[in-house]
Protein chains: 2
Amino acid sequence: MMKDAAAPERGRTGRPPRTSRAQILGAARELIDDEGWERLTMRKLAARAGVAPTTLYHHVRDREELLAALLDDYADRIPRRELPRQPVERILAAATVMHDALAGWPWLVEVLTADDLIGDAALWMVEAIVDAAMEHGCPADEAVHLYRSIWYYTVGEILVRANADRKRAELDRPAYRDTVFRRLDKPELPRLSAIAGCWPALCAEDTYLQGLRALVEGLLTK
Amino acid sequence: MMKDAAAPERGRTGRPPRTSRAQILGAARELIDDEGWERLTMRKLAARAGVAPTTLYHHVRDREELLAALLDDYADRIPRRELPRQPVERILAAATVMHDALAGWPWLVEVLTADDLIGDAALWMVEAIVDAAMEHGCPADEAVHLYRSIWYYTVGEILVRANADRKRAELDRPAYRDTVFRRLDKPELPRLSAIAGCWPALCAEDTYLQGLRALVEGLLTK
DNA sequence: GCTAGTTTTCGAACATGTTCGAAAACTCGA
DNA sequence: TCGAGTTTTCGAACATGTTCGAAAACTAGC
């Protein structure tokens with residue numbers, strides 16, 4: 001029977017491993033640094049690690065788990081910035097750290113939607129938010145709701161933006177938004193027609209920050 | 001030169017098409033109804049439509065565009081519910097319609113992140129939100145920010161929940177959250193340890209509604 | 001040293017999305 | 001009627017993630 005690949009527990013017998021999980025993760029990081037994450041294929045990774053493609057699957061469950069492991073690894077190296085004392089500001093700061101860290105690795109898009117948490121290494125950010133909410137007077141369940149709202153909002157912003165960027169770069173087709181707005185000369189949507197011009201100019205970063213503050217303050221002053 | 005596949009403009013000459021885009025979309029809908037969207041492959045779709053797989057690519061750009069077309073089609077059939085007069089309530093109602101419609105077809109997950117809009121057919125929901133915000137006194141740019149915040153939040157919630165469901169069903173592995181929480185007996189995160197028990201019990205739907213209201217009210221009373 | 005058991009490795013193969021180039025089927029003008 | 005141009009169709013093939021089964025390489029007990 002095969003032991004858990006994540007915790008090999010070098011118990012006794014067996015063929016000596018020529019490859020380790022850490023080795024594979026390292027090779028993956030190199031490859032991503034060199035070519036970008038879109039070009040990380042299992043075959044290339046295997047080649048760089050010097051093994052057959054199928055060997056990888058003895059050390060990671062699949063490509064997605066590999067990316068998740070990389071994310072957790074990455075989150076572990078996010079510097080734990082000093083956070084403000086005031087609860088609301090502390091929540092905003094922690095959320096911003098989380099947001100910026102995730103936005104910095106937009107290639108982990110697929111992993112972000114696994115649940116309302118990412119790996120162990122990022123738990124201090126979650127704790128910071130929950131803790132501040134409770135210090136502000138929230139009961140436990142509302143603190144969780146607050147955190148989770150922030151998570152939805154943050155993940156949504158990152159996924160939408162990263163994906164839009166990717167598509168625009170991919171085959172320089174116009175932004176989807178533009179193809180929709182181009183047909184807006186029809187008169188049945190007057191308000192949208194009037195706005196369509198200013199729409200694309202509005203920075204998504206601004207939207208994120210304003211919305212985040214509104215979300216947090218709205219949930220705390222209930 | 002090949003004309004735009006989306007707008008064939010039956011101008012003049014050429015081999016008579018045995019296949020139409022509408023036919024393909026119809027076959028796709030059937031297939032999804034029969035087997036679920038996860039099992040919609042281009043090859044199966046071609047088989048049901050009675051053509052070679054490669055033929056599909058003359059009528060849709062790729063699988064993603066096909067899904068997007070299906071979504072737009074679907075959005076077109078969302079009944080345009082009567083919305084409340086009061087602006088804040090109208091925004092909440094419109095957002096809820098949008099949310100429920102998208103959540104009802106979680107298989108369109110990949111398309112949702114294309115931009116901050118979906119197809120033409122759903123524009124009335126966008127218009128409803130923007131219009132209500134401006135009626136409430138928002139300038140145009142803030143109305144757009146508001147809409148976009150709602151979009152991020154909604155998309156985030158749907159993607160996270162749909163993806164978590166999918167993974168849990170896929171190979172009945174435990175929720176990612178649980179594997180993280182299981183290691184929470186370490187004492188360095190006391191607040192989280194205390195909360196971990198109640199966390200999974202909190203309904204995501206509740207989180208969504210509370211957060212939505214907070215977001216909207218927070219942004220409007222600025 | 002030999003055998004049984006275990007772990008790691010890998011080649012073959014499959015499913016899937018997609019590209020490419022050529023063939024088929026048609027229209028129009030000469 | 002015929003050839004040029006155009007649109008549609010399709011078979012072959014490729015890249016990629018992944019599974020499967022068998023072979024390789026080792027340890028422990030006899």
Side-chain angles (χ1 to χ4, degrees), chain A residues 1-24 27-28 31-32 35-69 107 110-111 167 170-171 173, chain B residues 1-24 27-28 31-32 35-69 107 110-111 167 170-171 173:
Chain A
M1 194 190 60
M2 199 185 79
K3 286 292 164 62
D4 185 6
E9 185 215 322
R10 304 283 322 113
R12 230 147 303 175
T13 82
R15 183 179 184 169
R18 222 180 55 201
T19 319
S20 74
R21 189 177 157 99
Q23 219 173 92
I24 290 178
L31 204 49
I32 288 174
E35 310 197 21
W37 81 277
E38 309 92 337
R39 300 197 205 283
L40 171 69
T41 72
M42 298 303 268
R43 284 175 162 84
K44 269 195 222 163
L45 175 56
R48 177 167 299 229
V51 295
T54 53
T55 299
L56 300 178
Y57 290 82
H58 254 260
H59 302 273
V60 294
R61 185 205 295 275
D62 51 21
R63 193 179 123 105
E64 195 170 322
E65 200 229 11
L66 191 157
L67 291 179
W107 49 271
E110 302 156 42
V111 189
K167 276 188 200 161
E170 196 171 85
L171 197 55
R173 51 181 136 177
Chain B
M1 192 189 61
M2 199 185 78
K3 285 289 161 63
D4 185 9
E9 186 214 324
R10 306 280 323 114
R12 234 151 297 181
T13 82
R15 182 180 185 167
R18 222 180 54 202
T19 319
S20 74
R21 189 178 158 100
Q23 218 173 92
I24 291 178
L31 204 50
I32 289 174
E35 310 197 23
W37 81 278
E38 309 91 338
R39 299 198 207 283
L40 171 69
T41 72
M42 298 303 269
R43 282 174 163 84
K44 269 196 223 163
L45 175 56
R48 177 168 294 232
V51 296
T54 54
T55 298
L56 299 177
Y57 290 84
H58 254 260
H59 302 273
V60 295
R61 187 206 294 276
D62 51 21
R63 187 172 185 268
E64 193 169 324
E65 201 230 8
L66 191 156
L67 291 178
W107 48 271
E110 302 155 41
V111 189
K167 275 188 201 159
E170 196 172 83
L171 197 54
R173 49 180 135 175

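The chains referred to below are lettered A, B, ... by the order of the sequence lines, with proteins before strands, and numbering in each begins at 1.
Separating the OG1 atom in B/T55 from the CZ atom in B/R18 is a distance of 7.5 Å, to the nearest 0.5 Å. Residue A/L40 holds its CG atom at 5.5 Å from CG of A/L31, rounded to the nearest 0.5 Å. A distance of 9.0 Å separates CZ of B/R63 from OH of B/Y57, quoted to the nearest 0.5 Å.
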### Query
Which parts of nucleotides 15-22 of chain D does protein reach within less than 4.0 Å, heavy atoms only, written one letter per nucleotide 5' to 3' as B for base, S for sugar-phosphate only and - for none?
-BBBB---
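As rounded to whole Å, 5 Å separates atom C1' of D/dT8 from atom CZ of B/R15. As rounded to whole Å, 13 Å separates atom P of C/dT8 from atom CZ of A/R18. Following rounding to the nearest Å, B/R21 (CZ) and D/dT8 (C1') show an atom-to-atom distance of 16 Å.
Within the structure, a side-chain polar atom (N or O) of A/H59 is placed less than 4.0 Å from OP1 or OP2 of C/dT9. Phosphate contact (OP1/OP2 of C/dT8, side-chain N/O of A/T55, threshold under 4.0 Å): absent. Close to C/dT9, at under 4.0 Å from its OP1 or OP2, lies a side-chain N or O of A/T19.
For A/S20 against A/H59, the heavy-atom pair with the smallest separation is C-ND1, 4.1 Å.
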All N/O donor-acceptor pairs, side-chain side in residues 41-54 of chain B, below 3.5 Å, sequence neighbours left out:
| residue | atom | partner | partner atom | Å |
| --- | --- | --- | --- | --- |
| B/T41 | OG1 | B/K44 | N | 3.1 |
| B/K44 | NZ | B/E35 | OE1 | 3.0 |
| B/K44 | NZ | B/R39 | O | 3.3 |
| B/R48 | NH1 | B/E30 | OE1 | 2.9 |
| B/R48 | NH1 | B/D34 | OD2 | 3.4 |
| B/R48 | NH2 | B/D34 | OD2 | 2.9 |

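A/L56 places none of its side-chain heavy atoms less than 4.5 Å from the side chain of A/T19.
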